[in-house]
Amino acid sequence: KAGVTQTPRYLIKTRGQQVTLSCSPISGHRSVSWYQQTPGQGLQFLFEYFSETQRNKGNFPGRFSGRQFSNSRSEMNVSTLELGDSALYLCASSLQVNSPLHFGNGTRLTVT
Amino acid sequence: KNQVEQSPQSLIILEGKNCTLQCNYTVSPFSNLRWYKQDTGRGPVSLTIMTFSENTKSNGRYTATLDADTKQSSLHITASQLSDSASYICVVSAINSGAGSYQLTFGKGTKLSVIP
């Protein structure tokens, strides 16, 4: 069974630009969640989707948004990028809410 | 406020030795506690998940314990191998009854280095 796939693996953007990251969950998993990971803050929850509906949202500004499609694939978008948005963005899928998370290997975003 | 504290922040041990990582939490209402292993440059991988009624759970050389009364968990690694070098993250799930969902609180992890 294929794992969680995130694309692209690496991304370099300039301040003020926007970026879209993609996540394909494990087949059959309907819950997809996104996380930001930085050395100082660890893993921080961004949002969670289940069957195309956002069920939970973390404490991030409105520049961070996401969506889930009918095939459970998900995208997250960050607009007006800031230097502080440089991080590893991880996507995870699970069979149902509150079951073990299966993480992708992340997208490393660098904002210059 | 829900919090998860892990100790130590980092640890260096010799190959073949055992070690124990700690996780203290102030999360309620408690649903479950999870341990993940994250290799450098990779996403975290689930090691164990324990509910309120489970005191111990093993996954190969990894054994997690949970004391729900003191709100403490530990991850014990037996006969360490070089491949155990990674960050170990403790995650606690709380029931978010108002939203009918669950909230995860992440520790900042313990970075383990196993040296030959």
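Naming convention: chains lettered A, B, ... in sequence-line order (proteins, then strands); numbering from 1 in each chain.
Taking CD from A/Gln41 and CZ from B/Phe106, the interatomic distance works out to 13.5 Å, rounded to the nearest 0.5 Å.
By the 4.5 Å heavy-atom criterion applied to side chains, B/Leu104 and A/Glu48 are not counted as neighbours.
Other residues, nucleotides and ligands contribute over 12 non-hydrogen atoms within 6.0 Å of the CD1 atom of B/Ile115. For A/Lys57, the NZ atom sits in a packed shell: over 12 heavy atoms of surrounding residues, nucleotides or ligands are nearer than 6.0 Å. In this structure, B/Phe52 places its CZ atom where only 12 or fewer heavy-atom neighbours from other residues, nucleotides or ligands lie under 6.0 Å away. The number of heavy atoms from other shown groups lying within 6.0 Å of CD1 (A/Ile12) does not exceed 12. Within 6.0 Å of atom CG in A/Asn71, more than 12 heavy atoms from other residues, nucleotides or ligands are found, so the atom counts as buried in its surroundings.
With hydrophobic clusters built from ILVMFWY side chains whose heavy atoms lie under 4.5 angstrom apart, A/Tyr10 does not share a cluster with A/Val19. B/Val114 and B/Tyr62 fall within the same hydrophobic cluster, where Ile, Leu, Val, Met, Phe, Trp and Tyr residues are linked whenever their side-chain heavy atoms come under 4.5 Å apart, directly or through other members.
Comparing A/Leu43, A/Asn105, A/Leu101 by how many heavy-atom pairs each has under 4.5 Å with chain B, the most go to A/Asn105. Note on A/Pro39, A/Gly106, A/Ser99: by heavy-atom pairs under 4.5 Å with chain B, the leading option is A/Ser99. Per-residue counts of heavy-atom pairs under 4.5 Å with chain A were compared for B/Gly107, B/Ser31, B/Gly43; the largest is that of B/Gly43.
If you measure heavy-atom distances from B/Arg42 to chain A, the contacts under 4.5 Å come from both the backbone and the side chain. Of the atoms belonging to A/Arg9, it is side-chain heavy atoms, and not backbone ones, that fall under 4.5 Å from chain B. With a threshold of 4.5 angstrom between heavy atoms, A/Gln44 does not approach chain B through any atom at all. A/Tyr35 touches chain B through its side chain: at least one heavy atom from C-beta onward sits under 4.5 Å away, while N, CA, C and O do not.
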